[in-house]
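Report on one structure; see the data block that follows.
Side-chain atoms are counted along with the backbone in the values below, which use heavy atoms only and exclude waters and symmetry mates. On a predicted model such as this, the values are computed, not experimentally measured, just so you know.
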Amino acid sequence: FPDANGGFFDTPTDGETLIVRPKSYFDSAMPSGNGASAQLLIQLARLTGDGQLEDRAVTIIKQMLEVMTRQPTGFGSLNAALEHHLSVSREIAVIGGDANAMLEILNKRFLPHTAIVVAAADDAYLPVLEGRGAIEGKATAYVCENLACQLPITTVLDLERLLETR
């Protein structure tokens, strides 16, 4: 439930009347609502190319930055969001054909801050898919940073080789 000053409340405005509307930032057994929201906003911003979403995440982080530096262990989800914000945006799109073999390779790797998108040959619903398609009907992988992609890959072996160099 958005707050006009940044971040999110844990309860709706039309919900139960409370003395104070909670707005969680501190992680407990589960990530805080604002920490999880910041991480998701960054991921969604990078997938869609909507920079305003990442700006909203940065506002959440900035609200707690001073406290995060004094007590970092209490803000794991916000620290993860900050790390993601400061990292290079990486995207891997697998388009067309039978993508299962390529997905198997991708699922075996630790690829932090990497958005993996699978799409049919004619889909272009995200920026990483625009102007890209399957080659000769085969599953084709595009490995990108900030939406700038390497040459397309059509074999599992070539995908493994490229991932080894990253």
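When all heavy atoms of L159 and I153 are compared, the pair lying nearest together is N-CG2, 3.5 Å. In terms of heavy-atom proximity, R21 sits nearest to P12 at NH2-C, 3.6 Å. When every heavy atom of A101 is checked against every heavy atom of V156, the shortest pair comes out as CB-CG2, 3.6 Å. Of all the heavy atoms in I95 and A134, the pair that sits closest is O-CB, 3.7 Å. Residues V118 and A99 share a closest heavy-atom pair of CG1-CB, 4.2 Å. The heavy-atom pair separating G76 from D27 by the smallest distance is N-OD2, 2.8 Å.
No single ILVMFWY cluster, assembled from side-chain heavy atoms under 4.5 Å apart, contains both L44 and Y125. Both L82 and F26 belong to a single network of hydrophobic side chains, linked directly or stepwise wherever heavy atoms of I, L, V, M, F, W or Y lie under 4.5 Å apart. When hydrophobic clusters are built by joining Ile, Leu, Val, Met, Phe, Trp and Tyr residues whose side-chain heavy atoms come closer than 4.5 Å, directly or via intermediates, L126 is not grouped with V94. The hydrophobic clustering, which links ILVMFWY residues whose side-chain heavy atoms are closer than 4.5 Å, places V58 and L53 apart. Following chains of ILVMFWY side-chain contacts shorter than 4.5 Å, one cannot reach Y142 starting from L163, and the two form parts of different hydrophobic clusters.
In terms of modelled atom types and a separation under 3.5 Å, the side chain of N146 and the main chain of A148 share no donor-acceptor contact. Formation of a donor-acceptor pair under 3.5 Å by the T69 side chain with backbone atoms of V67 is not found in this model. For S24 (side chain) and S32 (main-chain N/O), no donor-acceptor pair under 3.5 Å exists by modelled atom type. With N34 contributing its side chain and G7 its backbone, the two residues share no donor-acceptor pair below 3.5 Å. At least one donor-acceptor pair under 3.5 Å links the side chain of S87 to the backbone N or O of H84. E160 places no side-chain N or O within donor-acceptor distance of the main-chain N or O of I105, the cut-off being under 3.5 Å. With hydrogens and angles ignored, the 3.5 Å screen pairs a side-chain donor or acceptor of D3 with a backbone N or O of N5.
Put simply, OH on Y25 and CD on Q63 are 3.5 Å apart, with the number rounded to the nearest 0.5 Å. For the atom pair CE of M102 and OG1 of T140, the computed distance is 6.5 Å after rounding to the nearest 0.5 Å. With rounding to the nearest 0.5 angstrom, the CG atom of L86 is 7.5 Å from the CD1 atom of I61. The CG atom of L41 sits 5.0 Å away from atom CZ of F8, with the distance rounded to the nearest 0.5 Å. To the nearest 0.5 angstrom, R46 atom CZ is 4.5 Å from E54 atom CD. Separating the CG atom in D55 from the CD1 atom in I42 is a distance of 10.5 Å, to the nearest 0.5 Å.
Between P31 and Q39, the closest side-chain pair of non-hydrogen atoms is not below 4.5 Å. With a 4.5 Å cut-off on side-chain heavy atoms, L147 and S89 do not count as touching. With contacts defined as side-chain heavy-atom distances shorter than 4.5 Å, the pair N79/E83 does not qualify.
Salt-bridge formation is detected for the pair R109/E164: a Lys NZ or Arg NE/NH1/NH2 atom is positioned less than 4.0 Å from an Asp or Glu carboxylate oxygen.
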